[in-house]
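See below for the structure under consideration.
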Amino acid sequence: MAEGNSNRPTENGFHKTMGESGEDITWLKMQSQMGYHRIKSQAQQLKQDLRQTVLQELDALVDGFLEDVEQMEGKEGLSNNVSFSELRPSVSESRHESMIRKKREDGELPDKVFMPRSSVLTDLFKIKDVKTIYHIFVAILIVFSLNTLVYDLINEGRLNLNFDLIRYGMGKFSKVMELWMCMNLSTLLVVYPGFYYWSMNRAPGQKIGGYDIAGACCYVLYQLVFLVWPIHYIKENALPPGSSIIVTAEQIRLMMKVHAFVRENITKVLAYKKDDNNQGPLCPDFSKYLYFLFIPTLVYRDTYPRTQSIRWSYVVSNFGQVLACLFYTYYIFERFLVPVFRNFGREHITAKALILSVFGSMLPATLVLVLGFFAILHSWFNAFAEMMTFADRMFYKDWWNSTSFANYYRTWNIVVHDWLYTYIYKDISKLFPQRRSLAMACVFLISAVAHEYVLIMCFKFFYPVLFVMFMGAGFGFIFFKGVGRGWNVFLWLMLIMGNGMLMCLYSLEWYARQRCPENTDNFLDYLIPRSWTCDFEAMES
C-alpha cells in the first residue's frame, strides 16, 4: 500500500486516511507532545531508580571493603595508628542520619537515639599529629609548674606549695559532700517511690482528673523545694566559689534527671489501657532509675548501649586529666589573671585600664574555657561512662570547626543540648507547631537563666553580664549562618573577646565586693553592682 494511503488509528478505534489532514496534523502534534512528556517522566523515574540502586550497591561495596580492612587490621594492623573504621561514620549512625532526614521531611522532630560510639577526641587522639598537640599542652603544664617552683625559690627562698587559691575555692568540701548525699537520697527516696505509687494506683484508661493533678502538684512542689534548699544551704554555710559551683551544678543536673525520668514515663502511664496486653511495666525497675542517675546523659531510656567490660586504667587516666586541668587552671589564674585584677576595688578604674584588662585576659580566659571543656565534657564524662559501661560517648562534637553559632551551640555540649531539645524544644513545638522560633527562644532563655544562676551562687551577687551576652549577641548570632573558614575565624574571635569581657567584668565586681563597703543592708545590695557605686574617696579618707 502506498505511503500516502496508509491508515492510522483514531481515538475511538476506527481508521482515517492521511488525506484528511487539517485536524489530523493537530491531533498528531498533541499525541507527540503527550508521548514526549510520558517518555520524559518515565526517564526521570528510571534515573531516580538507577541512582538509588547504584547508591545502595556502592554503600554495600564500601561497607564490605571496610569490613575486609577491619579484618586485615585485626591480623596485621596499620602503620599509622588509625583505622579506616575510626575515620568513617558507623553504619548504624548513617542509618540514624537517614532516619532523621526522613522524619524531618514528614514534619516530625526526630528522637534522641543512643548508639555505641567514642568521643571525638578519643578518636582524634589515635592520630599521631593530633596526639602531639595533646603532648604540647602536657609540656606547657610542666613548664607552668617549673615556673612556679623557680619563682618561689628565687623570690622567697623556699618552695610554696600551699595552692591557696585551690584551697580557698574548694573550701568546706565536707559541707559539699553532705548536701550532695542529701540531694541524691531525696531523688532516690522521694521521686521514685512517689512516681511508683502514682503509676500503680491510677485507673487504666481514665481521663486526667484530680488524682493526676494532685500528683503533678506534688512533683512541682518537690522541684521547688529542690531549687530553694541548696540556695539556703550555700548562703547559710558561706560556701566559697568552687564549692558553690559543685553544689549548683549537681542541683541542676538532678533536677534535669528527675524531669527526664518523669516526662518519659508519664506518657506511658497516661496512655495505658486495661486491655493493652503488649504494654510493659508502667514504672521502670528501680535499678534502671538508679543507673540513669549516674550515667552521663540527661535523656531517659529504659535501656542504653553497654560495653562488655570496664577499663580501670582508662578511668584512672581520665580522672588524672581532670586533676591536671585543675592545676592548669590554677597556674593560669595565679600567673596571668590575678596580677591583672589585683588592684581592682582599690582605685577608680579608668577606661584605659579597663580596655587593657579586657585584652590582657582574653587568651587566659579562653584557655580556661578550653580546659573546662576538656576536664568535664571529655575526661569526667568518659571516666563515669567507662565505670558505668555506658557505650554512647558522644558528649560533644567538633564544635571547634563550627562556622556558625547555631552549630556551635548544638555541638559544644551534646548532653545538655539533648535535654533542651527533647524536653523543651520538642514539647513547646508540639504545643505551638507553627511557632518553632518561640521554642528556640525558650531554649535560649532557660539556658541563659541556668548559666547566670550558677554564677550568682558562685559569686554571691547579681551581675547579669553573661545573661545579657547570651540573650543578646549570643542569640542574635545564630541567624548568621556562614560556610567558609572565615566564619570559623569570626566565631573564635567572638569567643575569645567574649570570654575576656566576662572574666574582666566579673573580676572587677568580685574585687569591688571584697573591698568596697556595702551600699545598703537590704536585698538591693545584691542587685546593684558595687563596682559602679563604690565611693573610693570615702575609702581613702
Side-chain angles (χ1 to χ4, degrees), residues 119-121 124 133-134 136-138 140-141 144 165-166 169 241-242 244-246 248-249 252 321-338 340-341 357-382 395-417 444 447-448 450-455 458-459 463-475 477-478 488-508 510:
S119 296
V120 177
L121 289 179
L124 289 178
I133 299 176
Y134 174 84
I136 292 173
F137 274 87
V138 174
I140 294 174
L141 176 61
F144 275 150
L165 191 61
I166 296 179
S244 299
I245 290 178
I246 294 174
T248 52
I252 294 174
Q321 289 174 161
V322 174
L323 188 63
C325 289
L326 177 63
F327 284 102
Y328 219 136
T329 304
Y330 163 76
Y331 289 132
I332 291 173
F333 270 92
E334 191 70 23
R335 293 303 178 198
F336 297 103
L337 294 175
V338 172
V340 175
F341 309 129
S357 300
V358 169
F359 278 88
S361 58
M362 283 182 182
L363 291 180
T366 304
L367 189 54
V368 169
L369 175 71
V370 174
L371 289 172
F373 153 77
F374 184 77
I376 299 173
L377 294 176
H378 179 76
S379 300
W380 186 267
F381 283 2
N382 269 288
F395 309 126
Y396 56 90
K397 293 183 180 178
D398 56 337
W399 58 268
W400 48 86
N401 291 325
S402 299
T403 57
S404 67
F405 274 86
N407 186 68
Y408 166 73
Y409 293 137
R410 287 193 296 265
T411 56
W412 159 260
N413 188 339
I414 298 294
V415 178
V416 174
H417 170 268
F444 264 82
S447 182
H451 282 79
E452 191 62 42
Y453 166 71
V454 172
L455 293 182
C458 170
F459 298 127
Y463 196 43
V465 179
L466 178 61
F467 181 84
V468 173
M469 294 180 64
F470 207 108
M471 291 301 297
F475 183 72
F477 280 148
I478 65 173
N488 182 251
V489 174
F490 171 76
L491 183 140
W492 273 104
L493 181 63
M494 293 297 102
L495 288 178
I496 293 171
M497 295 179 66
N499 279 287
M501 293 178 62
L502 290 173
M503 182 67 70
C504 182
L505 294 176
Y506 277 107
S507 298
L508 177 63
W510 168 265

Using side-chain heavy atoms (C-beta onward) and a distance below 4.5 Å, is [X] in contact with [Y]?
| X | Y | value |
| --- | --- | --- |
| Phe327 | Ile166 | yes |
| Val138 | Tyr134 | yes |
| Phe137 | Leu367 | yes |

Heavy-atom closest pair, residues [X] and [Y]:
| X | Y | result |
| --- | --- | --- |
| Leu377 | Phe381 | CD2-CE2, 3.5 Å |
| Ile252 | Ala450 | CD1-O, 4.2 Å |
| Tyr408 | Leu491 | CB-CD1, 3.8 Å |
| Arg410 | Ile414 | O-CD1, 3.1 Å |
| Asn488 | Ser402 | ND2-O, 2.6 Å |

Query - Qualifying residues under side chain to side chain donor-acceptor pair (under 3.5 Å), relative to Ser244, sequence neighbours excluded - result: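 Side chain to side chain donor-acceptor pair (under 3.5 Å) check on Ser244 returns Lys460.
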Nearest-0.5 Å distance, [atom1] of residue [X] to [atom2] of residue [Y]:
| X | Y | atom1 | atom2 | value |
| --- | --- | --- | --- | --- |
| Leu371 | Thr366 | CG | OG1 | 11.0 Å |
| Ile245 | Cys458 | CD1 | SG | 3.5 Å |
| Met469 | Met494 | CE | CE | 9.5 Å |
| Asn401 | Trp492 | CG | CH2 | 9.5 Å |
| Ser379 | Leu121 | OG | CG | 8.5 Å |
| Ile140 | Tyr331 | CD1 | OH | 14.0 Å |

Under the rule for ring-ring contact (aromatic ring centres under 6.0 Å, His included), what residues qualify as partners of [X], not counting sequence neighbours?
| X | value |
| --- | --- |
| Phe444 | Tyr409, Phe470, Phe475 |
| Phe333 | none |
| Phe336 | Phe144 |
| Tyr453 | none |

**Report entry** Ring geometry between Phe373 and Tyr396 (parallel below 30°, tilted from 30 to 60°, perpendicular above 60°)
**Finding:**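 Perpendicular: the ring planes of Tyr396 and Phe373 meet at over 60°.
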Report task. Tell me, with the steps shown, if Tyr330 and Leu326 meet side-chain contact (heavy atoms from CB on, under 4.5 Å). Result -> CA-CA 6 Å; Tyr330 163 76; Leu326 177 63; over 6 Å; no
Quick one: side chains of residues 496-508, donor-acceptor pairs under 3.5 Å with protein atoms, not counting sequence neighbours, listed by atom name and distance.
unit_1, atom_1, unit_2, atom_2, d
Asn499, ND2, Leu495, O, 2.6
Tyr506, OH, Glu452, OE1, 3.3
Tyr506, OH, Glu452, OE2, 3.1
Tyr506, OH, Tyr463, O, 2.8
Tyr506, OH, Val465, N, 3.4
Tyr506, OH, Leu466, N, 3.2
Ser507, OG, Met503, O, 2.6

Report task. Please check if atom CH2 in Trp400 has more than 12 non-hydrogen atoms from other residues, nucleotides or ligands closer than 6.0 Å. Result ->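 Yes - once you tally the heavy atoms of other residues, nucleotides and ligands closer than 6.0 Å, there are more than 12.
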